[in-house]
Number of protein chains: 2
Amino acid sequence: MVDRLRDTGLSTALPVLTTGRHRARAERSLMPQGRRGAPRAVTIADVAREAGVSRATVSRAINDSDLVTAETKRTVQEAITRTGFVMNARGRALATGRAETVGVLITEPLDELFDDPTYGRMLRGVAEGLLGSGFLPVIIQASSESERALALRSFGRRSVDAVIHLTPYRGSDLLGSLAGAGLPVVLCGQLVDSPYEGIFSTVYSDDVRGARLAAQRVATAGRHQVAAVLGPADNPATGDRLRGYEEVLGARLDPARVVHTRWDSAGGLTTTARLLVAHPGIDAILAGSDRIALGALAALQAAGRRVPEDVAVVGFDDHAIAASASPPLTTIAQPLVEEGRIAAQLALEMINGADPRTEVLDMRLVPRLSA
Amino acid sequence: MVDRLRDTGLSTALPVLTTGRHRARAERSLMPQGRRGAPRAVTIADVAREAGVSRATVSRAINDSDLVTAETKRTVQEAITRTGFVMNARGRALATGRAETVGVLITEPLDELFDDPTYGRMLRGVAEGLLGSGFLPVIIQASSESERALALRSFGRRSVDAVIHLTPYRGSDLLGSLAGAGLPVVLCGQLVDSPYEGIFSTVYSDDVRGARLAAQRVATAGRHQVAAVLGPADNPATGDRLRGYEEVLGARLDPARVVHTRWDSAGGLTTTARLLVAHPGIDAILAGSDRIALGALAALQAAGRRVPEDVAVVGFDDHAIAASASPPLTTIAQPLVEEGRIAAQLALEMINGADPRTEVLDMRLVPRLSA
DNA sequence: TTCCGGAATGTAACCGGTTTCATTCGGGAG
DNA sequence: CTCCCGAATGAAACCGGTTACATTCCGGAA
C-alpha cells in the first residue's frame, strides 16, 4: 500500500514531524496558508476566520440564503476572494447527499459499430445539456457482464444522481435492474415501451416518422416500384422503419421487394444485386442504413443503372460517408446531439423531483443528390 | 489493492429497498430506519451493529487490513451480505481525499469536426483503461471561455483526481492553468513539447513516423513525382507530416509540389485540380487527411487519371469514409482507442504518485487500393 | 508470578461542508 | 420602561466513511 500523500494534507510531513494532531491543529489555527511548499486547501473555516463570522454564516452566504444580510454577504465574499477559497465538492456532496454527477451508461456491444460517431455526438449533447447545471457527466461503460455488475453497484452507491442510458436494447435485463436502483433514469435514443412507462424518462427520435420522410421523398418524385433493403429483422429500428415506408407507400412497396441484410455495405451490395435480378423494374431503394445504401449504390453502378435518374436511393442515419458518396446520399438524420441535450434536461428534471416523461424528436431529411 | 476494495460489495445485489414500512422500533437492529418513511441507506454503523463490532473494525475489514482476524472479516462479510450494505462513495471520498474520478477535458472548437469519431474512440479507450481501477471518467467539456473557467474551478475543487486532456492545442493558455492546478494531468493525442516537460504525462501518435509510412508506400511503389496536399500550414500536425514525407522522399518530393488547403474534401478537390495543371507529371499524392484525399480522388477522376495506375493516393486518419471511397483509400490510422487507454493508465500511475512520463504510439498503414 | 510487548479491537477525532436549534440583538407594542 | 418577536448569527450535530491513538487481552520471558 504505497498510498502517497493526500492532496489536502500536509504533504511533505514525515510521521516524525506530525507528533499528534495537536501540532497540525495549532498550525491550522495560525494561518489559513499551509506551510512552505504545498499549500493546504482553504476551507470555509479559513474564510470564516478571515471574515470574522462563523462557518455556518459563510455556508449560508455562499448559498445565498436570505438569512444573511447583504452586508455580511459582501464581507464573506471579500474574505473568499482574499483567501482564494474554492468549495470542496466532496464535503458538499456528503452533506447534501448529492454527488452532482449524472452517469452516462453505455452498453455498446463492441461490435462493428466501433467507429460510429453516434455515441460521441450523444455524449456531446449530454455534456452540453448539463453545462450550466453544475452536474458533470460520468461515463459508465458496461459491455461485459462483470462491467455491468460493477456499474449497477456504482449506482447503488449513489455515486451518481441520475443515469442516462444511451440506446438501450429493448427488453434488456439491465432495464429491470435500473428500475430497481431507485434513482432517476433516462433512456436516450431508443423507445423502450414495455412495462417501464412512468418509471423511466425517455427521449428518442421517431424512426417511423423518419421512414415516412424517406418514403415521401421517393413518392413525390413519382417512383412506383420501390424496394426496401433493411437491416436485420430482429432489430427494433428495422420494424419501425419498415412501418413508416409502408404507411406512406402502400402498394408501391411490394412485400416481395422488402429484404433484410446486415448493416454493412457488403450486405447492401449483394442483397441489392440479387434484388435487381429478381425485380428489374425497381426505380427506388430505401436503405436501412447509409452503409447499406452505399452497397446499394455500388450494386446499381455494377448493374448499369444511373442514380438518381434510373433508381433513387435514400439512406438512413446521415453517417459521415453519406455526404461523400457518389452521388452524395440523400438520407435521414437523427438529431443525436439534441437527443443527448434533452436527455440531460430530463435527468435534471427528475433529480429535482419531476415525474418521468417522454420526449419524441423528429428526424430530418437531408436532401442530397441520390434521390 | 483497489481491486480488493471493490470485491467487498455485493456483486449484483441491489440495495435493499425498505419502502412502505411502518415505523416499528424493534426492527431497528437489522434495518436502518429512514425518517419520514424514506428508506435510509445502510451505513457501516448498521453493519457494525449487525456484526457486533465497531465501525472502525468494519472499515478495516472492508479494506482488507491485516489488522483484522480472518475470523472477524468473515463475520463482517456476513453482516454486509445480510444488511445489503453498499459503500457510500461520497463519505469515502471525503475521508480519503480522493474522488475516484478522472476528468476528461475536451476543448473541441465546435467546428466542422462535429461528427468526427475521434473523441468517441478516445473516450472509449479512456473508459476501458479505467475500468478495473474503480475510477470513473467524467467528461468536462470546455469549448467557450466561460466553460473553461468553470472547468478550471472544478479542478481547483479537487472534484477529480486527475485530468486527461484530449488533443490539446499546442501553446494553449489552458495548459498553463492546468499546470498550476496542482493535480495530475495527461495530455492525450498531441505532442505538447514546450515548457511542460516533466509536469504533464503525454501520450500521442507520432505523426512524423506515420507520414514516413505513407511516403514509404509510394516510394517502394516506384513513384518519383510525388505531391503533398496538406492541411492548414499553421496546424502542428501538418508540419510533422510534411517532415515525415520529406525525410523519406527527399528530392522525389519537390517543394513546388507541396501545397496547403483546408481539411475538407472541397479544399482537396480544387487544390489538387490546380496542382495537376501546374505539374501534370505527378504520379502520387500524399494527402493531409482522408477528406482531402477524397477531394483529390474526385479531381483526379475529373482529370481523367486512373487511381492507382496513373496516380497513387494515400490519405491520413483512417476516417470512416476511407474504406468506402472508390477506390478504397490507403491511409494511415492513428490508434485512438489505444491512446485513450494509455492515457487512463498514465493518469492512474500519476495518481499513485508516479512521475509524469511520455508514451509514443506508432501509427499504422492501412493498405487498400488507392496506393 | 510479574512484567512486557504485540496483536486485535474500540474510541474518538478528523475530512469539509450543511442544517437544526439555541442565542443574541434591535425595535415596536403595551 | 418592560416585554415579546423576528431577524441575524453562532454552536453543534450531523453526513458516512477513515485512521491516529488508547485499550484490552494474550503469551512468553524474566
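The shown structure was predicted, so the numbers you read here are calculated from the model rather than taken from an experiment.
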Between P of C:dG17 and CZ of A:Arg60, the distance in whole Å: 15 Å
Between D:dG17, D:dG10, C:dG10, which nucleotide has the shortest distance from any of its atoms to the side chain of A:Ala56? D:dG10
Is A:Thr69 close enough to D:dT9 that one of its side-chain N or O atoms is under 4.0 Å from OP1 or OP2 there? yes
Exam field: side chain A:Ser133 to backbone A:Gly129, donor-acceptor pair closer than 3.5 Å: no
With the side chain defined as heavy atoms from C-beta on, B:Leu67 is closest, among C:dT9, D:dG17, C:dG16, to C:dT9
Within the structure shown, what part of the strands sits under 4.0 Å from B:Ser54 by heavy-atom distance: base, sugar-phosphate, or nothing? base
When you match B:Gly91 and B:Val53 each to their closest nucleotide on DNA chain C, which lands nearer the 5' end? B:Val53
Spell out, as yes or no, whether a donor-acceptor pair under 3.5 Å connects the side chain of B:Thr83 to the backbone of B:Ala79. yes
Main chain of B:Ser65, side chain of B:Asn63: is a donor-acceptor contact present, judged purely on distance under 3.5 Å? no
Mind calculating the distance between CE (A:Met87) and P (C:dC15) to the nearest angstrom? 17 Å
Looking at B:Arg55 and D:dG17, is any side-chain donor or acceptor paired with a base atom of the opposite kind under 3.5 Å? yes
Would you tell me if any nitrogen or oxygen in the side chain of A:Thr96 comes within less than 4.0 Å of OP1 or OP2 on D:dC15? no
Out of D:dT18, D:dT9, C:dG17, minimum distance to the side chain of A:Arg92 belongs to C:dG17
Rounded to the nearest 0.5 Å, how far does OG1 of A:Thr202 lie from CG of A:Leu346? 8.5 Å
Give the rounded distance in Å between these two atoms: CG of B:Asp66 and P of D:dT19. 13 Å
Is A:Arg148 paired with A:Asp173 through a side-chain N to carboxylate O contact shorter than 4.0 Å? yes
Spacing of A:Ile62 atom CD1 relative to C:dT19 atom P, expressed in whole Å: 12 Å
Counterpart residues, side-chain contact (heavy atoms from CB on, under 4.5 Å), relative to A:Ser146 (two or more places apart): A:Ser144
Provide, to the nearest angstrom, the distance between the CD1 atom belonging to B:Ile44 and the C1' atom belonging to D:dC14. 15 Å
Of all residues at least two apart in sequence or in a different chain, which pass the side-chain contact (heavy atoms from CB on, under 4.5 Å) check with B:Ala56? B:Ser54, B:Arg60
Please report the end-to-end axis angle for the helix from C:dT1-D:dA30 to C:dG30-D:dC1, five pairs per end, rounded to 10 degrees. 70°
Does A:Thr72 put a side-chain nitrogen or oxygen below 4.0 Å from OP1 or OP2 of D:dT9? yes
Grab the CZ-P distance between A:Arg49 and C:dG17 for me, whole Å please. 13 Å
Given C:dT20, D:dA20, D:dC15, the nucleotide with the shortest approach to the side chain of A:Leu94: D:dC15
Reading DNA chain D from 5' onward, which residue's closest nucleotide shows up sooner: B:Ser59 or A:Gly52? A:Gly52
Rounded to whole angstrom units, what separation is found between the CG atom of B:Asn88 and the P atom of C:dC15? 19 Å
Would one find a side-chain N or O of B:Asn63 under 4.0 angstrom from OP1 or OP2 of D:dT18? yes
In whole angstrom, give the distance that lies between atom CD of B:Glu71 and atom C1' of C:dA7. 15 Å
Could you check whether any side-chain N or O of A:Asp161 sits under 3.5 Å from a backbone N or O of A:Val102, counting only pairs where one atom can act as donor and the other as acceptor? no
Quiz question: going by heavy-atom distance under 3.5 Å, is there a donor-acceptor pair between the base of D:dG17 and the side chain of A:Arg90? no
